[in-house]
Amino acid sequence: MRNLFERRVPQVLAVYAGASWALVECAAFIVAEFLLSPYLPRIVMSALLLLFPSVAMLGWFHGRPGRDEVPMAEKIGIPVNVAVAAAVLILWFREADLGARTTTAAFELEGATVERTVAKPEYRKRTALSRFHAGPGLAEEELWLTYMAPLALELDLAADDFFEPVSLSVFNERLAEYGLQRGGPIPLALRRAVAELLHATFIVSGTVDRMEAGYRVTLALDDAGTGTRVSETVHEGADLLALVDEMSETLAEALDIPDRDGIEDLPVRDRLTEDEGALAAFGRAYALLLSHPADVDAALNGLRAATALDPTFAVAQYDLSAVYVDNNRPEEAVTALRAALDHLYRFPERLGFKARADYYFLTEQPDQGWAVIEMWVALHPEDPAALEYYALGQSIRGDWDGLIQTLQTRYRLSPDNHALLKELAEAYENLGDDDQALAALEQYARRIPADYTGHLDLARIHTRLGAYGVAREHLERAIIVDPLNPEPVAELASLDLHAGRFDAARAAYERALELARTPRQKAQVLDELKDYYRFRGRMGDAIRTARALLEEVSGVYTPLEIAEYRLADIGIYLEAERQEDAAVLFEALRSQLDLDAPEHDPYYVAQWRIRIALEAGERAAARATYRAASDWIETWGADRFRPSLIAALGRIEELDGNYIAAERHYRDALSRDDRTLEWYRWIGGTLRKAGRLDEAEAELREALRLVPSDPHTHLELAKVLEASGDTAGALAHLGSALLAWEPADESFAPAREARAKLAELRD
């Protein structure tokens, strides 16, 4: 020790440690000031630690009094230490982004270049917001505060694009699948499971409680991957929104969201309202909307009360507009949204873009709506919300190539958001590239093995391609992953139905009904059971199941969601030869929900009006409906709906006896979307009527490869074979059709036709 002190080694090392700490602090200051990579202080600290042996050698050989000499150990040791340090630093930080945490986006607007500084995607913090727990002192009438606290936090931080929220409404929707009671505690394990499905890195939760002086709020931030608590703070005061402002600062610090110039930092009350009564009315309405089932009528009254007390309450006006849209009240929705836009200054900029786009679409100005979205994406090219809205527009337009590029960009920006692989698969499928769709879904199933839906989607594609064995394997894996979920069991039942295993299918539907716990799950199973009855010609049972489904979802689904189910029921009435009932149902829905309004897509309107007109022999009316819907598609650029209308035009031409034109339209529809298997059968029937029997047989056999037990296809093929002189083949296919229609209603016309044809050929 005396020798070390004589050589002044401890003193040199102490000076080096102090200087090193100063350098690390200086690097941290530079990083914070200029928003450089947070890796830089770590690199500086690591380099200084790795060079410690060189400093020790310098102190040992040059710290003693007298003439300095450079021994061989120093000549070799210091270069070796420097080389090793450099190699270690390169190994440790070779994949780290050492540039700035922001980048500049430029956009040409009216001849001027507008620039914005935006966060790089790797530094964004994807954070799920969970409703807070109600403390023992919180009264029943104050439970809305457990929803308001996380909502206000999201609004307060939304101006900073380093913060990427998974909103409370989205998180709450996934939680509802587990049947949690409103206001009850949410276990961390469950919050982590939901956060994983939503691909969030962090979870915000907390507790709101009453105290004599006001409120006591505990704010917690957890790492979704490990479950470790990142931070936990307690905030007390009389004003909840003032506490939210405190919590926002705490949360930003815990998430390492940097301070920077040019980012709005308004008090959250400025985002919401100064009126306490309006805030309470809005909070109660918001809680009612997020409860399960939602009390829409009470929520609507609460939102009206909030906006009446404070017309400048833009967030409440925006939510009021959304509820009006869900209830198919477009005029009132426009009024509320216009009021929200009158006070757009309350919104963070990115939410303002969304509100303006919504307004243009709601007021039937699609070109302006697309322009707003494109401006939003240009100014915030890596904003997940902007790209998500942009992708929705591309989907409606049928721009599958563009959508794939956008989804690939989103996945590059959010590599942990593997749900984008499922959206990519759907886009590839719409483009007709099944191989790429399957590859994307297989990648998803590998990366998220705990999610059964990956195997479910794989099974659906393989089923559509006729690969029933592979589809069955995926459905069985889905059941293993989530054995209490009714959806894969119901899908397996449908697979058995299409494969001709009718008893197994019926038993599987019963199992799925037993497993269904929530109204939505029961509705999904009943919807598939309804299709089972239709497939087998039991139209009375299908109609009764449709009514049971309607009872299940009333009060749970929005009016437009219910209308979607009820419009589909028109097909049941038509197949049951109850045309009058079908027409009455359609007219009731049309007048009740204003289905002629241009903002409603024509797929749910025109197809049924055309079918009803054709059943009534009114082909001129059907053509007029087709032209009107086609004009709507042109106006809105909604090409994704065009295949259905083209197929409907083919049906009109077929019934008019224009078989060449009908075939052309059917094939055009299939070239745009080959997932509607019914169109293969329509092509076969048209070719038979045109006398092209060999081509008709080929099309129908392809249809049977895809759905081996389809009785309608078997009946149509029997007609083709009869016309070709193959009576034995015709009898075989009639037998297959009647096997599926064995329990069919006596009044079911296709089954009656098959029985009559069978008797005729046997005679």
Side-chain angles (χ1 to χ4, degrees), residues 395-396 398 400 425-434 437-438 457 459-468 471 491 494-495 497-499 527-528 530-532 534-535 564-565 567-572 574-575 601-612 614-615 622 625-626 629-630 633 638-655 661-688 695-696 698-717 750:
S395 175
I396 293 172
W400 308 121
E426 184 179 1
Y428 279 122
E429 199 177 354
N430 282 313
L431 195 60
D433 192 340
D434 293 320
L438 288 170
D457 290 340
R460 286 171 181 160
I461 294 181
H462 283 296
T463 300
R464 181 173 57 78
L465 297 175
Y468 279 54
E491 288 290 334
S494 296
L495 185 73
L497 173 66
H498 293 156
D527 195 36
E528 298 215 31
K530 179 177 63 176
D531 289 339
Y532 167 84
R534 291 178 68 179
F535 192 93
E564 183 178 338
Y565 280 105
L567 282 168
D569 292 341
I570 292 172
I572 303 178
L574 292 175
E575 291 170 27
D601 75 70
Y603 180 78
Y604 298 120
V605 182
Q607 65 165 339
W608 298 116
R609 180 175 279 122
I610 290 172
R611 283 191 62 176
I612 291 170
L614 291 177
E615 289 290 337
T625 299
Y626 167 80
S630 185
I633 287 175
D639 279 347
R640 72 171 300 170
F641 305 119
R642 194 176 292 280
S644 298
L645 285 174
I646 292 174
L649 180 59
R651 200 67 173 161
I652 296 169
E653 297 288 5
E654 181 183 352
L655 293 176
E663 182 204 358
R664 184 176 68 251
H665 292 312
Y666 289 148
R667 292 197 185 280
D668 187 10
L670 267 178
S671 70
R672 298 167 184 262
D673 183 358
D674 64 354
R675 290 176 293 180
T676 304
L677 303 179
E678 188 179 35
W679 296 344
Y680 289 97
R681 187 174 75 245
W682 290 1
I683 292 173
T686 301
L687 291 170
R688 176 182 62 81
E695 295 174 71
E699 291 292 340
L700 292 168
R701 291 196 183 281
E702 174 63 13
L704 284 177
R705 184 185 70 81
L706 301 175
V707 184
S709 68
D710 180 29
H712 293 281
T713 306
H714 279 292
L715 176 58
E716 186 60 49
L717 184 54

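For the single chain, residues carry numbers from 1 onward in sequence order. As the structure is a prediction and not an experimental result, all values here were calculated from the model. What's counted below: heavy atoms across the whole structure, side chains too, no hydrogens, waters or symmetry copies.
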Undergrad: Got a salt bridge between Asp668 and Arg672, using NZ or NE/NH1/NH2 to carboxylate O under 4.0 Å?
TA: yes
Undergrad: Could you check whether Thr686 and Glu663, counting side-chain N and O atoms only, form a donor-acceptor pair closer than 3.5 Å?
TA: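 On atom types as modelled, these side chains do not qualify, holding no pair under 3.5 Å.
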Undergrad: Nearest 0.5 Å please: distance from the OG1 atom of Thr463 over to the CG atom of Leu706.
TA: 10.5 Å
Undergrad: Minimum heavy-atom separation for Ala622 to Ile610, with atom names?
TA: O-CG1, 3.8 Å
Undergrad: Please walk me through it: do Glu699 and Arg667 pass side chain to side chain contact (heavy atoms under 4.5 Å, CB included)?
TA: CA-CA 11 Å; Glu699 291 292 340; Arg667 292 197 185 280; 2.9 Å; yes
Undergrad: Please round to the nearest 0.5 Å and tell me the distance separating atom CG of Asp674 and atom CG of Asp434.
TA: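 One finds 6.0 Å between CG of Asp674 and CG of Asp434.
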Undergrad: Between atom OH of Tyr666 and atom CZ of Arg681, what is the distance when rounded to the nearest 0.5 Å?
TA: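 Here the interatomic distance stands at 10.0 Å.
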Undergrad: Show, in sequence, the C-alpha distance, side-chain angles and deciding distance for Asp527 and Lys530, and conclude whether the side chain to side chain contact (heavy atoms under 4.5 Å, CB included) test is met.
TA: CA-CA 5 Å; Asp527 195 36; Lys530 179 177 63 176; 3.2 Å; yes
Undergrad: Charged N to carboxylate O below 4.0 Å: is that the case for Arg464 and Glu429?
TA: yes
Undergrad: Nearest heavy-atom pair of Gly685 and Glu716: which atoms, and what distance?
TA: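 For Gly685 and Glu716, the tightest heavy-atom pair comes out as CA-OE2, 3.5 Å.
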Undergrad: Whether Glu678 and Arg651 form a salt bridge (side-chain N of Lys/Arg under 4.0 Å from carboxylate O of Asp/Glu) is what I want to check.
TA: no
Undergrad: In Å, rounded to the nearest 0.5 Å, how long is the span from CZ of Arg642 to OG of Ser630?
TA: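 Between atom CZ of Arg642 and atom OG of Ser630 there are 4.5 Å.
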